[in-house]
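Here is the structure we will look at, set down as C-alpha cells.
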Amino acid sequence: MSKWLFKGLQTGIKTTRYPAQNEHAPGVTPGLPLGGSYNEEQTRTLARCPAGAFSRRDHELILDYRRCIHCFRCYRGVAGPVNWQSGFEWASATGPINGHMQMDQAFEHSIHILVVDAGDCGACLNEVKQLDNPFYNMHRLGFFITPTPRQADVMLVVGPVTDHMRTPLQKAFDAMPTPRRVIAAGACALSGGVFGPSFVCGAGLRDLIPVDVEVPGCPPPPLAILHALLVAVGRKPSSGLIPSIPHLREKEANTL
Amino acid sequence: MISSAVALQLFFWLCLAGIILPIFISERQAPRMLAWLASIASMAILWIGGNLLLTQDSLHISLWTLPELGTLEISADRISSVFLMAAGLVFLPVSIFSSGYLKRYLGRYSLRRFSALFFGLFASIVLVLVAGDTLLFLLAWESMSILSYLLVNFEYKVSKHTRAGYLMLAMGEAGTLAVAVALLLLAVATGGLGFSVLKTASRGLGDGMRWAVFLLSFFGFGVKAGLVPFNSWLPRAHPVAPGNVSALLSGVILNLGLYGIVRINIDLLPMTLAGTGLVTLIVGTMSAFIGILYATTENDLKVMLAHSSIENMGIITADLGAGFVFTAYGHPVLATMAFVAALYHMINHSIYKGLLFLGAATVDSEVGTRDLDLLGGLIRRMPWTALFFLAGALSIAALPPFNGFVSEWLTLQTMLRCAELGSRSVKIVFALCGAGLALTAALAVTCFMKAFAMGFLGKARSSRVEHPVHEKRSMMVPMGILATLCLLLGVLPTMVIPTLDKALTPVTGASAYEALVPPFFAGSSEHDQLPNDFMSEFHDLGAQVGQEFLPLKGLVVLHRGGVQNPVVFAMSTTYMFLVLIGLIGLVYIIVRIGVARYRRVVRQPCWDGGIRRLLPEMTYTARGFSNPVRVIFDAILRPKTVEDSRETVAEHFRFAIHRQYKIVYIVDSLVGRPLNRIGFKISNGLAALHHGRINAYVAYGLITLIIAMMIVLL
Amino acid sequence: MVRVSLNEQSWSCEIEVSPDQLVEVCGWLSTKLGYRFAGLIVEEQRSEWELYYVFCGDTEAGLVHVLVRQALVNVTFPSISARIHAADWHEREAEDLFGLTFKGHPRLGDFLLHNDRWQENLCPMRRSFDGHKPVIERKPELNWRPRRIVKDPGAFAMPIGPIYSGVTESVHFLLETVGEDVIRTIPRLFYKYRAIEKIAEGRHVNDVLLLVERIAATTAFSHALAFCQAVESICRVQVPQRAMVLRRFLAELERFRHHVGAIREICESTALIVAANQMSILEEELLRLTCAFTGHRYLFGLTIPGGLSRTIEDKACQETLDKTHRILRTLGKLEKMLYASSSFLDRLEEVGIVSAVNAGKYGLVGPVTRASGHSCDLRKDRPYSGYDTCAFDVPCELEGDGYARLRVLFAEVYQAVRIMEQALSALRDGPVLAPTMEMRSGAALGWAETPRGATFHWLRLDDDGRVVRFHPITPSFVNWHGFHLAAEKFAFQDFPIILATFDLSVAENDR
C-alpha cells in the first residue's frame with residue numbers, strides 16, 4: 001500500500017492551471033471551425049457539411065455551433081479549408097449571466113453535479129469522466145459529482161434525448177431542488193446531432209427541459225465542459241458562440 | 001374510603017354478574033356489557049392494588065374451613081398487590097378494546113360464552129394472586145388453566161387452534177402437577193397448608209428438600225411463564241387466541257408463573273443456595289436469547305410477539321436469578337435491587353406487550369392478515385394505530401425515554417454489581433449472562449424496527465392493505481391509555497422504584513430505595529450510602545437545584561458500586577425527556593421562523609433512479625431485513641431447505657428459481673421431539689401388555705391382588 | 001431443398017435452406033462442425049423476408065451464411081435458440097423490430113422497445129414505418145411489471161438505474177435477492193436506443209459513416225474500419241498499401257487507449273483510487289497524443305471508404321510511437337504494482353467467473369472470451385487490412401475471472417504496441433486514398449476486431465451509394481447477453497467490479 005503513496009508523490013503535479021491561466025498543451029482540444037467572409041470556395045463548404053451547420057448571411061459564412069459534429073469535412077482533404085480556432089472556451093449561456101442566471105454566492109465554489117446520459121455514444125461521457133483525472137481535477141474548483149438529483153445543483157446532460165430516457169430525465173429534473181441549472185453538452189444534446197430528430201430521438205434537450213448553458217462539440221473536450229461549469233456558476237463569462245434563444249427558463253424564473 | 005376487602009367482594013360480585021348476565025341478553029349486546037362490567041371490575045382491582053401498596057391497608061379474609069385440610073384463606077400482601085396492579089392495568093384497556101373487537105365474531109361464535117369465560121378467567125386470576133393457602137391456590141390455579149385453555153380455543157372450528165390449545169393445556173397440567181407436588185412436599189415438611197405456616201416453618205428445611213421444592217416449582221411455574229425448555233406451547237397458543245385474549249395471555253397470565261416463582265423463592269422459602277439462583281439466571285438468559293432470536297426471524301406479527309414474550313420472561317427470570325444469588329451470598333440490598341428490576345420489567349412488559357398485541361389485533365381485524373410480507377404503508381391508513389404501535393415498539397426495544405429503557409438499564413446494572421460477590425465462577429456466569437442479555441437487547445431493536453418498518457412504513461405490499469380503514473374509537477382509546485402509561489412509567493422512574501421497594505422490603509429485609517434514588521442533596525449533604533466528598537462534588541454541580549418545588553426525592557436513578565468498584569452509574573429519563581422536548585421544540589421554532597420564510601417545502605415521490613414507477617416488490621421484505629440475523633445464527637436456527645429447484649425451458653431460459661425453507665423451533669427439536677419419541681417408545685413397550693387376551697387380564701388382576709395382600713400382611 | 005454456393009475470394013459460403021430445415025442445419029454447423037454463431041441479419045426485400053444466420057469459423061473454416069427466405073405475409077420462423085443459445089437476443093431483437101415470430105422461443109416480448117412506452121406491434125424497421133416522424137398514437141402497457149425469476153417468499157428485487165452512481169451509462173438492473181447475496185440479475189437495456197439502423201436507411205454511405213463512428217465512440221475507428229471495408233468490398237475498391245498500414249497503426253493506437261481506460265475503470269470499481277488516477281493520467285496522455293497526431297481525441301473522421309481522409313507523415317508516426325513507448329513503460333511499472341497489491345487482487349480473483357463452456361455456448365467475444373480460454377480474434381481468424389502480414393500473439397487465459405480479464409487487457413496492450421512498431425517499419429510512400437471510388441449496388445459483410453471484441457457490419461447499397469440495409473452486430477450486444485453468467489450469486493459489493501471487468505458499452509448494445 002505504501003508503494004502507491006510514493007508512486008503518487010513521485011508523479012508530481014499534472015494539473016492544469018486553468019482557469020487562472022490559459023491551457024496551451026497540444027491535444028487538449030480538437031478546435032472548432034470558424035465562420036468568415038463568404039466567397040466562391042465557401043459555397044463548396046456550405047454543401048460539404050453533412051450536419052447543415054453552415055449558413056450564409058449576406059457575405060458572411062455563419063456557423064451554427066449547435067450542429068457541428070467534428071466530422072472535419074470542411075477542413076480535411078479540401079482545397080479551401082475553413083478557418084479553424086483551437087481554443088476550448090465554447091460554453092454559452094442561454095440567458096443573461098447576471099440576474100436570474102447567476103446562482104447564489106454560496107454556490108460559486110461548491111456545486112454538486114448530476115450527470116445524466118440520455119443516449120450518448122460514449123465520447124461525451126468519457127470526456128466528462130476525464131474531468132476528475134489529475135490533469136483537470138475539477139474538485140479543486142469545488143465541483144463534485146453526485147449520484148442523486150436531490151443533492152444536485154447542476155444537471156449535466158449528454159446525448160440526444162432518446163425516447164426511453166425522456167421519463168427518467170424529466171423525473172431527475174423534477175427531483176432537483178431549486179436553484180438548479182442545466183448544462184447541455186455536445187452536439188447531440190444541443191440539436192440531436194446526427195441522430196435526431198427521429199421517432200426515438202429528439203432535436204435537442206431544449207424541447208424537454210429548460211437549458212441554461214450550452215457547450216458545442218462532438219465531443220466537447222474536458223476543458224470546454226469545465227468552462228461550461230464555470231459559466232454556470234458565474235465565474236466565467238459566456239462565450240457568446242451560440243446566440244441565446246428565449247425559452248422556458250424565463251417562465252420558470254417568474255414563477256419561483 | 002372503601003377498604004380492600006369491600007372492593008374485593010364487589011369485584012367477585014361483578015364477575016358473577018358477568019357470568020350469569022349473558023343468559024339474559026342478546027349476542028349483540030354482549031360485548032358492550034362485557035366492556036362495562038370488566039372495566040369496573042378492573043378499576044376495583046386497581047383500587048385494591050393501590051390501596052395495599054400505598055396505604056397501610058391490609059387484606060386477610062378467612063373463608064370456609066374444610067375438615068382435615070385447614071382453612072381457606074385470602075391474604076394479599078404487597079407483592080400480590082404489585083401483580084394485581086399489573087393485571088388491572090392490562091385488563092382495563094383490554095375490556096374497553098373488546099367492545100369493538102368482539103364484533104367480528106358475531107354470528108360465528110357465541111359471544112355470551114366468551115363473556116362467561118372472560119369473567120371466570122378474571123376471577124380465577126385474581127384468586128390465584130390473593131390466595132393465602134395451598135388449597136385455594138391450587139384450585140384457583142387449575143381453574144385459571146382450564147379457563148384460559150377454553151378462551152385460547154375460542155375459535156374451536158379451526159383444527160390448528162384446537163391442537164395449539166390442547167398442547168397448552170397438556171403442558172400446563174404437567175406444570176400444575178409439579179407445582180402441586182412441590183407445595184405438598186413443603187406442606188408435609190412444615191406441617192400445614194396456609195402460606196403463613198409454610199413461611200414460618202420453612203426455615204429449618206435441609207438442602208435436599210430445598211432443591212427438590214425449587215426444581216419442581218421452577219419447572220411447574222416455568223412452564224406457565226414460558227421459559228425454555230418447556231415453552232413449546234407458547235409460540236403456538238398465543239397467536240391462535242383472539243386478539244384481546246392474546247394480550248391477556250402475554251400481559252397477565254405469564255406473570256402468574258412469575259408470581260409463583262417469586263412467592264415460593266422469595267417469600268415462602270427464601271433462597272439460601274446459590275446453585276438454585278444460578279440455575280434460574282441461566283435459564284432466564286437462555287430463554288431471553290432464544291426468544292428474541294426466533295422473534296427476529298419470524299414474519300407473522302403475533303408469533304413474533306409471542307416469541308418476544310418468551311424473551312421478556314427470560315429477562316425477568318434472569319433478574320430474579322441474580323436476586324437469588326445475591327440473597328444466598330448475603331447481600332440483601334443488591335437482592336432487592338435485582339427484584340425491583342424484575343418487578344419493574346414485569347409491569348413494563350405487561351403494558352407494552354398488551355399494547356403491541358392490541359395493535360396487532362387491530363391490524364388483523366381491519367386488514368385481514370398478520371404476515372409482515374403482505375403489509376406495508378399502514379401508517380397512512382391507520383395513523384393512530386401506527387402511532388401507538390410505535391410507542392410500544394420503542395418501549396420494548398428499550399429506547400429512552402420509555403419504560404423499557406429503565407427496566408433494561410436496571411437489569412444490566414444489577415448484573416454489573418456481581419463484582420461484589422466473592423466466587424470467581426459465579427462472577428463469570430454473571431458476566432456471560434449479562435453479555436447474553438445485552439445481545440438480546442440489540443436483537444430486540446432489530447426485531448421491532450423490522451416489525452414497525454415493514455408493517456407500517458413503505459409501500460403497500462398487497463392489495464388487501466390498500467383499501468381505506470376506519471379506526472374505531474373503542475379500539476384506539478385503550479391503546480392510547482397503554483401508550484401513555486409506557487411514557488409515564490419511563491419518564492417517572494423515581495416514583496415507581498420506591499413503590500416497588502416498599503413491596504419488597506418486608507420479604508427481603510432491606511431497602512434498595514436509598515441506593516437507587518438519592519435525594520436531592522440538600523443542605524447538609526449527608527447520606528448513609530454515599531461518602532461525603534462524593535456528595536459535595538454533586539452539591540457543587542448544582543444537583544440540589546429545584547428541590548423546593550419538585551415533589552419527589554430526586555429525578556435521577558443513580559447507584560454507586562461497592563468499595564472495590566467505586567464507579568457511579570446514573571441515568572435520568574425525566575431529564576432526557578425534557579431535553580428531547582426542548583430540542584424538538586427548538587428545531588420546530590427555528591424551521592418555522594428561520595427557514596420557512598425563505599424556502600418552500602415540496603413533497604415529491606421518492607427518487608427511484610428514474611424508472612417509471614417504484615413497485616412494492618422492489619422494496620425490502622421482512623424476511624430480507626432479518627436475513628443477516630438468520631445467517632449469523634444459522635447454527636441455532638438450522639433452517640431446513642424444503643425446496644431449491646430451478647425451472648429451465650429449452651436448457652438455458654431460466655424461468656424460475658424456487659427456494660423455500662422452514663425453521664423448526666429449537667426447543668421442539670431438542671426437547672419436544674426427543675421426549676415425544678421416548679414417550680412413544682415407552683407406551684409402545686407398555687402396549688405389549690394390552691394384547692386383548694382375557695386370560696392374561698385375569699392373571700394381571702390375580703397377581704396384583706396377591707402382591708397387595710403380601711404388602712398388607714407383611 | 002438445400003442450395004450451397006461458395007465464394008473462394010472472400011472464403012465464405014452461403015447455404016440456402018427452407019424454414020423447416022433451419023434448426024437442423026444450424027445445429028449441425030454449430031455442434032458437428034464447431035462454427036460459432038455470429039449474428040442474425042433480417043432483410044425485408046420487396047416480396048419476401050431474407051434471414052441470414054452468420055456462422056464464423058477459424059481461418060480455415062471461413063464464414064458461413066445460412067439463408068432462409070419466406071414470403072412477406074408469413075412472419076413465423078422456427079427458433080434456433082434452444083439449440084444455439086447465442087441466437088437468443090438476436091431473435092428477440094428481430095421480433096421487436098420486424099414483428100417476426102420465432103416459434104419455440106419462450107421469451108419474446110418486451111426487449112428492445114419497452115412495453116411501458118410502446119405498443120407491441122410497432123415494428124419500426126419495416127419499410128412501411130417512417131422513422132423520421134414522431135409516433136403520435138401510443139398504447140403502452142401501463143401495468144407492465146418486470147419479469148421475476150426468484151420465487152422465494154422473502155425475495156425482492158432491488159432496482160438500480162437507469163440514472164445511478166457517478167458518471168455511468170444509462171442502464172437498469174434488478175438485483176433479485178433474499179437479503180444476503182444476490183441470486184440473479186437481469187439488466188434492462190435499450191434505454192439508449194437511437195435506431196441507427198433505421199435512420200441509416202436512405203442516407204448516403206458517407207453520411208452513414210458518421211453514424212457508424214458514433215455507435216460507440218470510444219471504439220469509433222474500429223467500427224468505421226469495419227464499415228469502410230464493407231463498402232470497399234461492395235464497390236470492389238482496392239485500398240492503397242500505405243492506407244492499410246496506417247489503418248493498422250491507428251486501430252492499435254485506439255486499442256491501447258481504450259484498454260487503458262478499461263483498466264482505469266477496474267481500478268476505480270475496486271476503489272484503488274491512486275491506481276485509477278495513475279491510469280487516468282495515461283489515458284489522458286493518450287487522448288492528447290491522439291488529438292495532436294490526428295486532430296481529434298477519438299479518431300473521428302479519419303477513415304473513409306477507399307482509405308484515409310488525410311495524409312499522415314512518417315515523422316509524425318515516429319514521434320507518436322516514441323511517446324507511446326514512454327507511456328507503455330509507465331504502464332508496465334503500474335502493472336507490476338497492481339499484481340503485487342493483494343487487496344486489489346482479492347476483489348478480482350474468483351469473482352465473476354465465466355466458464356469456457358458458457359463462453360462458447362453464448363458465443364462471447366473479445367477479451368472476455370479470451371480470458372475464459374477461447375482464443376478467437378478476427379485479426380487472426382479472418383485477417384483484414386493486412387493483419388496477416390503482422391506477427392503478434394493473441395493472449396489467452398483460462399480462469400475466466402476478473403483477474404484473468406485484467407491480465408488479458410494488459411497483454412493485449414503489449415501486442416498492440418508490437419503491431420504499431422511493425423506497421424511503422426512497413427510504411428512505404430504512396431497515396432492514402434484510392435484514386436477512384438465508383439458506387440455500386442450490392443451487399444457485403446465487413447468486420448473488424450474492435451477493442452471490445454469482434455464486430456460484423458452488414459451493408460446493402462443501391463446504385464447511388466445510398467444505404468438500403470445496415471445492420472451492425474456489435475461485441476457489446478453479444479457480451480451483455482452473457483453478463484448474467486458472471487453476475488449470479490455474488491455479494492452486492494462485487495457487482496460494480498464484475499461490471500467493470502466485462503468492459504461493456506451500453507451505447508454499442510443499444511445502437
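Quick note on labels: first sequence line is chain A, next is B, and so on, each numbered from 1. Note that the coordinates shown come from a computational prediction; the quantities given were computed from them, not determined experimentally.
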Original post:
In Å and rounded to the nearest 0.5 Å, what is the CZ to CG distance from A:Arg73 to C:Leu210?
Top reply: 4.0 Å
Original post:
With a distance cut-off below 6.0 Å to the six-membered ring centre and an angular limit of 45° from the axis, does C:Arg288 pair with A:Phe135 as a cation-pi contact?
Top reply: yes
Subject >> Note: C:Arg297-A:Glu127 ion pair, threshold 4.0 Å (strictly below) >> reply: yes
**OP:** To the nearest 0.5 angstrom, please state how far the OG atom of C:Ser341 sits from the NZ atom of A:Lys3.
**Re:** 5.5 Å
Subject >> Most chain A-contacting option - heavy-atom pairs closer than 4.5 Å, from C:Leu338, C:Val506, C:Leu289, C:Thr290 >> reply: C:Leu338
Original post:
Out of curiosity, C:Asp510 CG to A:Met165 CE, how far, rounded to the nearest 0.5 Å?
Top reply: 10.5 Å
**OP:** Please flag which part of A:Cys124 lies under 4.5 Å from any non-hydrogen atom of chain C: side chain, backbone, both or neither.
**Re:** neither
Subject >> Interface moiety of C:Ala200 toward chain A, non-hydrogen atoms closer than 4.5 Å >> reply: neither
**OP:** Measure the NZ-CZ distance between C:Lys133 and A:Phe199 for me, rounded to the nearest 0.5 Å.
**Re:** 13.0 Å
**OP:** Calculate, to the nearest 0.5 Å, the distance between atoms CG and CG belonging to A:Asn126 and C:Leu287 respectively.
**Re:** 6.5 Å
Original post:
Can you tell if the side chain of C:Ile304 reaches within under 4.5 Å of the side chain of A:Arg76, non-hydrogen atoms only?
Top reply: no
Original post:
Does A:Thr11 reach the side chain of C:Asn277, with side-chain heavy atoms less than 4.5 Å apart?
Top reply: no
Original post:
Would you say the side chain of A:Val200 lies within less than 4.5 Å of the side chain of C:Trp118, judging by non-hydrogen atoms?
Top reply: yes
**OP:** Would you check, one step at a time, whether the test side-chain contact (heavy atoms from CB on, under 4.5 Å) holds for A:Asn133 with C:Met279?
**Re:** CA-CA 9 Å; A:Asn133 73 19; C:Met279 289 296 171; over 6 Å; no
**OP:** Heavy-atom distances under 4.5 Å only: say whether C:Asn206 touches chain A with side chain, backbone, both or neither.
**Re:** both
Subject >> C:Tyr298 to A:Ala123 - nearest heavy-atom pair and separation >> reply: OH-O, 3.8 Å
Subject >> Contact origin within A:Leu125 toward chain C - heavy atom pairs under 4.5 Å >> reply: both
Subject >> Part of C:Phe293 lying under 4.5 Å from any heavy atom of chain A >> reply: neither
Original post:
Side chains of C:Arg194 and A:Cys121: closer than 4.5 Å at any heavy-atom pair?
Top reply: yes
Original post:
Side chain, backbone, both or neither: which part of A:Asp163 has an atom under 4.5 Å from a heavy atom of chain C?
Top reply: both
Subject >> Within-4.5 Å side-chain heavy-atom neighbours: C:Lys192 and A:Asp120 >> reply: yes
Subject >> Non-hydrogen side-chain atoms of A:Asp117 and C:Thr168 separated by less than 4.5 Å >> reply: no
**OP:** Salt-bridge test for A:Lys14 and C:Glu285: reply yes if a basic N is under 4.0 Å from a carboxylate O, no otherwise.
**Re:** yes
Original post:
Is it true that a side-chain atom of C:His296 and a backbone atom of A:Cys218 form a donor plus acceptor pair closer than 3.5 Å?
Top reply: yes
Original post:
Using non-hydrogen atoms only, which part of A:Phe72 is less than 4.5 Å away from chain C: side chain, backbone, both, or neither?
Top reply: side chain
Original post:
When only pairs under 4.5 Å are counted, which of C:Ala507, C:Gly261, C:Ser165 shares the most heavy-atom pairs with chain A?
Top reply: C:Ser165
**OP:** Against chain C, label A:Val116 side chain, backbone, both or neither, depending on which of its atoms sit under 4.5 Å from a heavy atom there.
**Re:** side chain
Subject >> Part of A:Lys7 lying under 4.5 Å from any heavy atom of chain C >> reply: both
Subject >> Which atoms of A:Cys201 approach chain C - backbone, side chain, both or neither, heavy atom under 4.5 Å >> reply: side chain
Original post:
A:Thr148 versus chain C, heavy atoms under 4.5 Å apart: side chain, backbone, both or neither?
Top reply: neither
Original post:
Given a strict heavy-atom distance threshold of 4.5 Å, which part of A:Pro26 is in contact with chain C: side chain, backbone, both, or neither?
Top reply: both
**OP:** Select all residues of residues 182-192 of chain A having any heavy atom within less than 4.5 Å of some heavy atom of chain C, and report them by number, or 'none'.
**Re:** none
**OP:** Determine whether A:Thr162 and C:Tyr193 make a side-chain contact, defined as any pair of heavy atoms from C-beta on separated by less than 4.5 Å.
**Re:** no
**OP:** Kindly indicate whether the side chain of A:His164, heavy atoms from C-beta on, has any atom under 4.5 Å from the side chain of C:Pro162.
**Re:** no
Subject >> A:Ala51 portion near chain C, given a 4.5 angstrom heavy-atom threshold >> reply: neither
Original post:
Which bit of A:Ile69 is near chain C, if near means a heavy-atom gap under 4.5 Å: side chain, backbone, both or neither?
Top reply: both
**OP:** Could you grab the distance from atom CG of C:Asp130 to atom OG of A:Ser198, nearest 0.5 Å is fine?
**Re:** 10.0 Å
**OP:** Answer with side chain, backbone, both or neither: which region of A:Tyr75 has an atom nearer than 4.5 Å to a non-hydrogen atom of chain C?
**Re:** neither
**OP:** Between chain A and each of C:Lys198, C:Lys333, C:Glu213, C:Arg264, count heavy-atom pairs under 4.5 Å; write down the option with the most.
**Re:** C:Arg264
Original post:
Quick one: what part of A:Pro219 sits under 4.5 Å from any heavy atom of chain C, side chain, backbone, both or neither?
Top reply: both
